[in-house]
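Taking it in order: structure first as C-alpha cells, then the write-up.
Scope of the values below: all heavy atoms of this structure, side chains included, with no hydrogens, waters or symmetry mates. First listed ligand is number 1; within each ligand, the first listed atom is number 1.
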Amino acid sequence: MTKPRAAVLISGRGSNMMSLIEAASAPDYPVEIAVVISNRPEAHGLARAQACNIPTRTLDHKAHADRAAFDAALHAVLEEEQADFVCLAGFMRLLTAGFVEKWQGRMINIHPALLPSYKGLHTHERALADGVKIHGATVHFVTPEMDVGPIIMQAAVPVLEGDTPDSLGARVLAQEHVIYPAALRLVAEGRARITEGRVAIDEFEIAPPALVVPPAG
Ligand code: GRF
C-alpha cells in the first residue's frame with residue numbers, strides 16, 4: 001500500500017525534520033517524507049536530508065517578487081511532489097492566507113512554547129524573563145494567523161534554576177522531537193479532527209496529546 005506523502009519545509013538546521021525522517025523510516029509509520037523544501041539555499045538541513053536519501057528542493061524566497069509569488073511557486077512545487085501533508089519545521093517565513101487556506105487541515109507546525117503563550121520569536125528568552133516554571137512545545141494546525149491554529153499535541157518541561165535560553169531551549173527541543181512525529185502520525189491517520197477550532201483526538205497509542213516531562217534528578 002502506498003503511504004500518503006509529507007513535504008517538510010525548513011529554513012535552517014533541520015533537527016525537527018530529522019525527527020520526522022527517522023520516525024518515517026519505521027515500516028509502520030503512516031506517512032512517507034517525500035521531499036524536503038528549503039527557502040534558504042544554505043540551510044544545513046538540506047544536506048542532512050540528502051544524507052538520508054530524501055529528495056530536496058530549494059525555493060529561494062529572494063528570487064521571488066513578493067510573498068504571493070513565492071507562495072504560488074511553493075504551492076506548485078507541493079503539487080508537483082504530490083504532497084498530501086505539509087510539515088513546517090523551523091520554516092522562517094510567513095505564509096499568505098491564500099496559501100494557508102489551500103492546505104488547511106493538512107499543514108502543521110511545531111512551535112517552541114506552550115501556545116497560546118509565547119507566540120512568535122525568542123520564546124525561551126521571554127519565558128525565562130517572565131519567570132514561568134513550566135515551558136514547552138506545541139504542534140498545531142496552521143491557520144492564516146501565526147501560531148494560533150488548533151493545537152494537536154503539547155509537551156511541557158520544567159524551567160530549572162540557572163537555566164539559560166540555550167539550556168531551556170535544548171530541553172524543549174528534545175521534546176519537540178518526540179511530539180512532532182507523534183502528532184504527524186495522528187494527523188496522517190485521520191485521528192486528529194478539528195471541531196469548532198479545537199482538535200479532538202481519536203484514541204491514541206503512540207503518545208498522549210500532552211506530554212509532561214518530570215524534572216531531572
Ligand atoms: C524549533 O525550535 C522549532 O520549534 C521552531 O524552529 C526551530 C527549528 O529548529 N519552529 P530545527 O531546524 O528543527 O532544528
Side-chain angles (χ1 to χ4, degrees), residues 6-25 31 33 35-52 54 56-61 74 85-95 99-100 103 107-128 132 134-159 163-185 187 207 209-211 213:
V8 182
L9 272 52
I10 63 167
S11 301
R13 71 189 159 179
S15 72
N16 277 290
M17 171 206 78
M18 284 305 297
S19 76
L20 296 174
I21 290 173
E22 273 156 28
S25 70
V31 200
I33 305 303
V35 65
V36 168
I37 304 170
S38 173
N39 66 311
R40 294 207 180 118
E42 72 281 9
H44 180 46
L46 287 171
R48 298 176 81 182
Q50 285 154 12
C52 299
I54 306 290
T56 60
R57 304 275 298 250
T58 298
L59 208 58
D60 191 345
H61 61 270
L74 179 58
F85 298 103
V86 177
C87 302
L88 307 183
F91 185 65
M92 301 302 285
R93 263 192 83 76
L94 293 176
L95 295 162
F99 176 88
V100 172
W103 290 92
M107 180 158 63
I108 62 178
N109 179 47
I110 181 115
H111 181 72
L114 290 172
L115 293 173
S117 293
Y118 306 115
K119 297 166 187 158
L121 297 174
H122 309 298
T123 55
H124 312 312
E125 286 85 340
R126 289 155 58 208
L128 285 174
V132 298
I134 305 279
H135 188 44
T138 302
V139 182
H140 64 95
F141 284 107
V142 178
T143 52
E145 202 182 334
M146 194 182 68
D147 297 336
V148 300
I151 292 169
I152 304 162
M153 193 175 280
Q154 294 186 302
V157 302
V159 179
D163 259 337
T164 62
D166 282 352
S167 65
L168 180 56
R171 194 173 306 121
V172 170
L173 190 65
Q175 299 312 315
E176 293 182 31
H177 299 161
V178 176
I179 61 171
Y180 209 2
L184 176 60
R185 173 188 279 275
V187 172
L211 198 70
V213 181

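Residues D163 and R171 are in side-chain contact: their nearest non-hydrogen atoms beyond the backbone lie under 4.5 Å apart.
For the 3.5 Å distance criterion, the side chains of H111 and H140 fail to qualify, holding no donor opposite an acceptor.
For V132, the side chain to side chain contact (heavy atoms under 4.5 Å, CB included) partners two or more places apart in sequence, or in a different chain, are Y118, A127, D130, V159.
For the atom pair CZ (F85) and CG (L20), the distance works out to 13.0 Å, reported to the nearest 0.5 Å.
Closer than 4.0 angstrom to ligand 1 by heavy atom are R13, G14, S15, N16, G90, I110, H111, P112, E176, sorted by chain and number.
T138 pairs with exactly one of K119, E176, Q154 by the side-chain hydrogen bond (donor to acceptor under 3.5 Å, both in side chains) rule, that one being Q154.
Sparse packing is recorded around CD of E145, with 12 or fewer heavy atoms of other residues, nucleotides or ligands lying under 6.0 Å away.
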